[in-house]
Amino acid sequence: MNVYHPKITAWVWLLGIVIIAALGSQALRSDWLETGFLALLPTSEQKPEVANAIKQHNEAMARKVIWLSGAGNAKAAIANARVLKRQLQDSGLFKRLDLEFSAQSYRDNYQQLFPYRYQLLDAQTKQALAKPQDLLSQNLAMLYSPLGQMQAAGLERDPLFVFSRYFNAQNSVKLAMEEGIVILRDGATFWALLLADLEDGSNKLDKLETLQALVDSAQKQAQTAGRELMVSGMALFTAAGSQSANREMSTVGLGSSIGILLLMLLTFRSPRPLLLSFLAIGCGMFSALVLSVLFFGKIHIITLVFGASLIGVADDYAVHFFCDSFGSKDWNPRQGLRYILPGLFIGLLTNLLSYAGLGFSPFPGLQEVAFFSAIGLLFAWLTVVMLFPVLLTGFKPEHEPKILKLTAYWQYHWPLWVFKWQPWLIAGMAVFIVGGIAQLTPRDDVRLLQSAPVDLVKTADKIKQLLPLSQDNQFFLVTGNGQNDWHDHEQQLLAQLASLKQQNALKYYQGISDYWPTEHSQQENYRLLKQIFYSSGLLQEYMAGLGFSKAAIGAELKQFVAAENLSLSLTSWLKSADETRQHLWLGCKDGHCLSRVSLTGIHDLPAIAQLQTLPGVSLVDPAQDISVLFERYRLRASYLLVGAYIVVFMGLGLRFGWRNGLAIISVPVLAALSALAMMGWFNQLFSLFNLFALLLVLGIGIDDAVFFFMAGNKRASTSLAVTLSALTTLLAFGLLAISSTQIVHAFGFTISVGILTALLCAPLIGFRGYKNYYDNQSNQ
Amino acid sequence: MIILKTLLLLVFTITPSYADDVLSQIAVHLVKADITLGDFQQEKHLKVLRKPLLSTGTFIYHQQKGVIWQTLSPVPSLLLVNDTKLLTSEGELAVPAAFGQVFKAMLGGDFKQLAEGFSMAGGGQKSAWHLELIPNDALLKKLISAMVLAGDTELRSLEIQEAGGNTTRITFTHISHPTLLPPGQEANFERLSP
C-alpha cells in the first residue's frame with residue numbers, strides 16, 4: 001500500500017477524464033443517436049431491401065398529416081380549408097399541401113397513357129373480352145344511361161370504351177369533389193380534405209412541438225368561430241407521447257432530485273457528498289457514452305435509457321465511502337478507502353461479470369447495454385477510488401445523524417426478528433413467490449409502449465371511417481427474378497386479395513401490376529383486341545350501328561394498325577403515375593425485382609397473413625415484427641440473466657467459499673424472485689424491459705449483500721450506506737412506477753420491489769458472526 | 001351561339017330575388033307527392049354520331065328512397081339512385097354522390113337541394129314554366145354547361161347540355177302519383193339502403 005499516492009492517482013484520473021472529454025468532443029459531434037427499432041435486430045437477419053422498404057414506408061407515413069375542415073355546407077368548409085392552408089403554408093413545417101386536386105394532372109395522365117390504349121387492359125375487361133357481345137351491350141347501356149355524359153364524350157376517341165375502362169380501374173376510388181376539393185359528408189357536416197406532408201420525416205422534437213402548437217391554435221380558432229376541425233397523423237401521436245413523457249419525466253425528475261438532495265444533506269450536513277456523488281455518476285455516464293459511441297459508431301436510445309438506470313448502482317460506491325466516515329472516531333479518507341476497497345472491488349467485479357454476460361449475445365441492443373453499463377460502472381468506481389481520497393480530505397462529520405441511529409437499531413433487531421420466525425417466513429415467502437410467478441404472463445406487444453390520448457385515437461378512427469384511403473401499417477413485399485417473374489407473383493397475390501376484399505377481409509389494396517401489364521401481356525392484349533374486334537368486322541358493325549360515319553370507322557381502324565408495335569415500359573408508366581404509386585415500386589437490383597402492395601382497412605389480418613405462402617410474397621407488419629423481436633430479446637435476456645446470476649455465484653463461491661457465496665447470492669435472487677412474483681400478483685406488464693430492471697436488482701442486491709458480508713463490526717455505517725443508496729435509487733427509479741406509460745411503470749415497479757427486498761434481506765448476511773462479536777462485547 | 005349567349009346574359013343579370021320568386025311560383029304549381037312514376041323517352045344527340053340515340057323506359061321517384069330508372073329499349077338496363085349511392089347492373093358505380101343528389105332533386109322538383117350546386121334562372125306562367133340550371137362547380141361546368149327543366153304541374157322534360165356539344169333530352173309521359181309502390185319495386189329500393 002506504500003505505492004499508493006492519493007495525489008498521483010487523482011492526477012492520473014484527471015488526465016484520463018481529459019482524454020475522454022477530448023475524444024467525446026469529436027465523437028459526439030456526429031449523429032450518434034440511433035432511434036430505429038431495426039437497429040436492434042441481429043445484422044444477419046436484416047435483409048437490406050426489406051429494411052429499406054420498411055424505412056421508406058415508415059417515413060412516408062410519419063410525414064402525413066390529414067386535416068379535415070368541417071362546416072354546415074360545402075362552401076364554408078372549402079373557404080375555411082383555404083384559410084387553413086395559408087396558415088399551414090406560413091408555418092414552413094410542410095413540404096407539400098394538397099387541397100385542390102387539379103384536373104390537369106388527371107388529364108395529363110390520361111393523355112400520357114392514351115397512345116397505349118390498345119395495349120392496356122384491366123383484369124376485368126380482359127375477362128369481359130371472352131363474351132364480346134356482353135361488352136358491347138354494356139357499352140350501349142352506358143351510352144343510353146342518363147349519366148353517361150363522361151363516357152359519351154370520349155366515344156369518338158375510344159369507341160369500345162376499352163381505355164376508359166382501364167383508366168377508371170386505375171382510379172377506382174372516387175371521392176366527391178367540389179371546386180377540385182375533396183368533400184366528405186358525415187350527416188349534416190361537410191368536411192374539406194387537406195393533405196399535408198411534413199418537411200421533416202424524422203419527427204424531431206422541436207418540430208413536433210411547433211406542429212402541436214399549430215394544431216392547438218387552429219383548433220381553438222375553429223372552435224371560437226363555431227367550426228370544426230379534425231387533425232390526425234403519426235406525428236401528432238408522437239408529439240402527444242413525447243409531451244406526456246416529458247411531463248412525467250420532469251415531475252419524477254424534480255421529485256426525486258429534491259428527495260435525494262434532502263436525504264444527502266440531512267444525513268451528512270455538508271454539500272460535499274452530494275456533489276461528489278453527482279461527479280462520480282456524471283463521469284461514469286459520460287465516459288460510457290463517449291466510449292460506446294467510439295466503439296459502436298452509434299448508440300441506440302434504448303441503451304441510453306437503460307444505461308442511465310445504472311445511476312442506482314454507481315451511487316452505491318460513493319455512498320458507501322461517505323457512510324464509512326461514521327464508522328470510526330478518527331476517520332480519514334485514506335484509511336476509509338483501505339477499509340472499504342475490498343468490498344468495493346468485489347462489488348464492481350460481480351457487477352461487471354453480470355453485465356459481461358449480456359455482451360455474448362448476438363443482439364446488438366444487448367451488447368450495447370452491456371458495454372455501456374460496464375464502462376459506466378468502471379468509471380464511476382474509478383472516480384470514487386482514485387479521486388475521492390483527495391477530495392474528501394478533511395471530511396469528517398462530527399454529528400451522528402438520526403438515520404444512523406435508526407439503521408443501527410434496525411440492522412440488529414430486524415435480523416433477530418427474522419431468525420426467530422424463520423420457518424414461518426420461509427413458508428410464507430415460498431407461497432408468495434411460487435403463487436406470483438405462476439401468474440406471470442409475458443406481454444411483448446410493442447403497442448403497449450405507446451399510450452395515446454383517447455381523443456386522438458377517436459379522431460383517427462373517425463377520419464379512417466370517413467376517408468377509407470389511408471394505408472395501414474402492414475404491407476406485402478413481392479419479389480421476383482426479373483420483371484416478368486415479379487409481375488406473375490404480384491398478380492397471383494392481387495387475385496387472392498381481390499377475393500379477400502369480396503369477403504370483407506380488407507377494404508382496399510393497391511399493387512402496380514394491376515395497372516401496368518408486362519410488355520409481353522401488352523402484345524397479347526393487342527392481339528386479343530385485334531382478333532375479337534378489329535379484324536373480325538365486329539368493331540365496324542358496332543360503330544356503324546351506333547351511327548358513326550364511314551370516315552370515323554376508317555380512322556379508328558387506321559389508328560389501331562399504327563399502334564401495333566407500341567409498348568409501355570414500366571419506367572414510362574411510373575413517370576405517368578402519382579407519387580403514392582411510384583412508391584410502391586422498389587426497383588430491380590441484380591435482376592432481383594421488388595415491389596410493395598399496400599393494404600387499407602384490414603379486418604382479418606390472419607386471413608391476409610396466410611397469403612405469405614404464395615411464391616415471392618411476404619407480409620411486413622412492423623409493429624408485429626418489433627413485438628416478435630421484443631419477445632426474442634426477452635427470452636434471450638432471461639437466459640443471460642440466469643447466466644449472470646450463476647457466474648456471479650461462481651465468483652463469490654471461489655472467493656468466499658460456497659456456503660458464503662450461496663448466502664450472498666440469495667439476496668439478489670430473493671429480490672428478483674419477489675419482484676417477479678409481485679408483477680404476477682398485481683398483473684403488471686412483463687416484458688423485456690423488466691429484465692433490465694432485474695439485472696439492476698442483481699447489481700444492487702450483490703452490492704448490498706457484499707457490503708454487509710465484509711462489514712465486520714462496522715455494520716452500523718454499512719447499513720446506513722445500504723439504506724441511503726437504496727433510498728436514492730428508489731427515488732430515482734421507483735418513482736417511475738407512477739408513470740402512465742405501462743412499460744415505464746413496469747420498470748419502476750420491478751426496481752422498487754427488487755430494491756426493497758434486497759434492503760430487507762441484506763442485513764441478514766454476516767449477522768450471526770456479528771452477533772457473536774456483539775454479544776461477547778456486551779458480556780465483557 | 002347567339003341564343004346561348006343571350007341566355008347566359010339573361011342568367012347572369014337575373015337578380016337572386018327574381019330567381020327565388022320564380023322558384024316559389026313554380027313550386028306552388030307542382031304536384032307534391034311522395035311517389036311519382038311514369039314513362040320516359042330519351043334522345044341523346046352525340047356530335048360524332050349521325051343519328052340520335054333513342055331509348056325508352058320507366059321511372060319511379062320516391063321522395064325518401066330515391067329513383068329507379070329502368071331503360072327497356074333498345075338495351076334493357078337498371079339504374080338505382082339515392083343521395084349516397086348509385087347502382088347499376090354492374091354494381092356500385094364510382095360516381096360522386098352529388099350526381100345522385102342532383103338527379104333525384106331534378107325529378108322531385110327539390111329546388112332547395114338544387115340551389116346548392118346551381119345558379120338558376122327561369123320564367124313562365126301558370127300553365128308552363130321552364131328553369132335553367134348552370135353548375136357552380138368549375139369542374140362540373142367543364143362537363144355540363146346547362147340543364148333545362150320544363151313543365152306545368154309536373155316536370156315534363158329535362159335537357160342536359162354538355163360543354164362538348166352533346167345534348168340529352170328526356171321527356172316524361174303517363175305521370176301518376178300512386179300512394180303505394182308498384183309490386184316488386186320495394187325490393188329494388190331495398191338494394192339501395194346501406
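The figures that follow rest on heavy atoms only: side chains count, while hydrogens, waters and symmetry mates do not. Predicted model only: the values in this text are computed from it and were never measured. Labels below follow one simple rule: chain letters A, B, ... track the order of the sequence lines, proteins then strands, and each chain is numbered from 1.
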Interatomic distance, [X] atom [atom1] to [Y] atom [atom2] [nearest 0.5 angstrom]:
X        : Y        : atom1 : atom2 : result
A/Leu155 : B/Asn166 : CG    : CG    : 8.5 Å
A/Lys75  : B/Asn136 : NZ    : CG    : 5.0 Å
B/Ser77  : A/Gln138 : OG    : CD    : 11.0 Å

Would you say A/Tyr144 and B/Pro74 make side-chain contact, with heavy atoms under 4.5 Å?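 Yes; the side chains approach each other to less than 4.5 Å.
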B/Leu53 versus A/Leu140: any side-chain heavy-atom pair under 4.5 Å? no
Between B/Lys44 and A/Leu143 the two heavy atoms that sit nearest each other are NZ-O, 2.5 Å
Which heavy-atom pair separates B/Lys51 from A/Leu546 by the least distance, and what is that distance? CE-O, 3.7 Å
Which bit of B/Leu158 comes within less than 4.5 Å of chain A, counting heavy atoms only: side chain, backbone, both or neither? neither
Verify the neighbour count for atom CD of A/Gln502: are there more than 12 heavy atoms of other residues, nucleotides or ligands below 6.0 Å?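 No - once you tally the heavy atoms of other residues, nucleotides and ligands closer than 6.0 Å, there are 12 at most.
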